[in-house]
2 protein chains.
Amino acid sequence: MREPSPDKQEAILETALTLFTERGFAGTPTSLISKEAGVATGTLFFYFKTKEELIDTLYRRVKSEAAKEMSRGIDKEKSAKAKLRRLGRNAAGWGMKNPAKLKFMEQFAHSPFVSTSAHEEGMSHFLFLEDLVRQGIQDGEIRNVEPSGLFCLMASALSGMIAHALSTGDRKERERIIEDGLDFIWFGMKA
Amino acid sequence: MREPSPDKQEAILETALTLFTERGFAGTPTSLISKEAGVATGTLFFYFKTKEELIDTLYRRVKSEAAKEMSRGIDKEKSAKAKLRRLGRNAAGWGMKNPAKLKFMEQFAHSPFVSTSAHEEGMSHFLFLEDLVRQGIQDGEIRNVEPSGLFCLMASALSGMIAHALSTGDRKERERIIEDGLDFIWFGMKA
DNA sequence: GCTCATATTGACTGACCAGTCAGTTTACAT
DNA sequence: ATGTAAACTGACTGGTCAGTCAATATGAGC
């Protein structure tokens, strides 16, 4: 018997990530992915039944990783304000370190190539964030408006902020953009 | 001689808009577009040299229309706060009335199918917004941080807000989402 | 009505590509 | 060593589709 090689699957996923962000889903033939990943066409289809399954897996992974990185250490903070700020900084840090994954998320967030179920699963990882908002409202730290609305506003502002921070090469300026962005979000939410 | 028919070109663009948002760029064959638009394949390629030229034209048009609608009547307002609120309401109103166009913009904002030049032209229509922010800072109404950063934050929050408002059918709730969103944005910006 | 330029048609083509499969290699068990 | 189950290979195929083009329809000017 032989064991499936996590290395090969990983190589395929990583290559696909880069190529999909650079050339789009339809613009990248599976043959190119397998070639760049150093495996045969057949191998790609051994690990992923279809091209769609490949992008779906990729989407789930990236979303899940992003959510995990963002939530890192927020229970250590006690106030909603501090939690939110920590979360924002985590998000920014991850985005700076993984621009390809970030671009991938943006590019395929509304894409019909990614299945509805993958989109839903991706969303689900960020639900803890809505709870965080809800708790902040209960504690009187956050303005009492519909939490799901605040969550949307915060998430999109965050994403816009990171994209903008990435557009400059200067580290100092990036930090300034991030701090300003976090201020914007906090002032928008606080009671 | 015969004149090119604006009607046919319009029908093609309108059909393409719907199909692209529903099925993606690569997912919609030109043959389907022409069929649904009620013209022959050849006619589509008479009005648009390539499929890319078609989506580019569409992108430019939609972005330009969106910008125009958003800026409607903002010179009537005197304060930055009032201008911003008017702009936000315009944007929301347009988005509610043109969900397909909005979805198209979101879906293709980061798409490699749309040429760089079309992306740039699309962006350029929203530059007046950055000036508005700059003016507000000068007048002491808006917090003194880099205007381009504020612009990004505002734009992404706005877009997130509209998408969220569209997800409910109830008119009253929509209005609440919009008012809450505009508050969020304003509190985030004001001095 | 006739002419002519151009709009319109749709069958066709050449290229491309997702996914298959018959065969080959690998590594584990006995 | 040998058997064997599963990983791996890559040439191949069936289908699809962007874009072409020779033929035809249309309408403006005479």
Side-chain angles (χ1 to χ4, degrees), chain A residues 1-60 104 107-108 111-115 117-118, chain B residues 1-60 104 107-108 111-115 117-118:
Chain A
M1 286 201 236
R2 277 174 85 184
E3 299 279 291
S5 146
D7 285 4
K8 293 223 163 107
Q9 190 173 10
E10 216 55 45
I12 293 167
L13 283 166
E14 205 170 321
T15 311
L17 175 75
T18 316
L19 292 174
F20 284 155
T21 47
E22 275 170 5
R23 330 180 13 140
F25 178 74
T28 60
T30 50
S31 59
L32 182 63
I33 300 172
S34 48
K35 199 166 112 190
E36 296 268 308
V39 302
T41 352
T43 307
L44 190 151
F45 287 101
F46 174 72
Y47 284 103
F48 306 97
K49 272 199 292 297
T50 64
K51 198 185 178 186
E52 289 218 343
E53 190 180 307
L54 170 58
I55 200 175
D56 254 41
T57 308
L58 203 45
Y59 190 81
R60 279 177 226 267
F104 176 83
Q107 201 166 128
F108 293 98
S111 160
F113 300 125
V114 175
S115 75
S117 80
Chain B
M1 290 204 236
R2 277 173 87 184
E3 300 280 290
S5 144
D7 285 3
K8 293 222 162 108
Q9 190 174 7
E10 215 56 44
I12 293 166
L13 283 167
E14 205 169 322
T15 311
L17 174 76
T18 315
L19 291 175
F20 284 156
T21 48
E22 276 170 4
R23 329 179 15 139
F25 179 73
T28 59
T30 50
S31 59
L32 182 62
I33 300 172
S34 48
K35 201 166 113 188
E36 297 269 307
V39 302
T41 352
T43 306
L44 188 151
F45 288 99
F46 174 73
Y47 284 103
F48 306 96
K49 272 199 291 297
T50 64
K51 199 185 178 187
E52 288 218 344
E53 190 179 306
L54 170 58
I55 200 175
D56 254 41
T57 309
L58 204 44
Y59 190 80
R60 278 178 226 269
F104 176 82
Q107 200 165 130
F108 293 97
S111 160
F113 300 126
V114 174
S115 75
S117 81

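No hydrogens, no waters, no symmetry mates; every other heavy atom, side chains included, goes into these values. Naming: A, B, ... by sequence-line order, numbering from 1 per chain. This one's a predicted model, so the numbers in the text were calculated from it and none came from an experiment.
When rounded to the nearest whole Å, the span between CG of B/Leu44 and P of C/dA7 equals 15 Å. As a whole-Å value, the separation of A/Glu53 CD from C/dA18 P is 15 Å. The CG atom of A/Leu32 sits 20 Å away from the P atom of C/dA15 (whole-angstrom rounding). Per the geometry, NZ belonging to B/Lys8 stands 10 Å off C1' belonging to D/dA25, to the nearest Å. If you measure from atom CZ of A/Phe46 to atom C1' of D/dA7, you get 5 Å, rounded to the nearest angstrom. Rounded to whole angstrom, the span from the CZ atom of A/Phe113 across to the C1' atom of C/dA18 amounts to 14 Å.
By the 30° and 60° cut-offs, the orientation of the rings of B/Phe108 relative to B/Phe25 is perpendicular.
Counted within 6.0 Å of CD on B/Glu14, heavy atoms from surrounding residues, nucleotides or ligands total 12 or fewer; the atom is thus considered open.
Set against C/dT9, C/dA7, D/dG10, the side chain of B/Tyr47 has C/dA7 as its closest nucleotide.
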With the sugar-phosphate defined as primed atoms, P, OP1 and OP2, and the base as all remaining atoms, what B/S/- string results for nucleotides 16-22 of chain D, 5' to 3', for protein heavy atoms under 4.0 Å?
-SBBB--
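Side chain of B/Ser111 to backbone of B/Gln107: no donor-acceptor contact under 3.5 angstrom is found.
Here CG of B/Leu13 is found 11.0 Å from OH of B/Tyr47. Values are rounded to the nearest 0.5 Å.
Partners of B/Glu22 by side-chain hydrogen bond (donor to acceptor under 3.5 Å, both in side chains), not counting sequence neighbours: none found.
Of all heavy-atom pairs between B/Pro112 and A/Arg23, the closest is CG-C, 4.0 Å.
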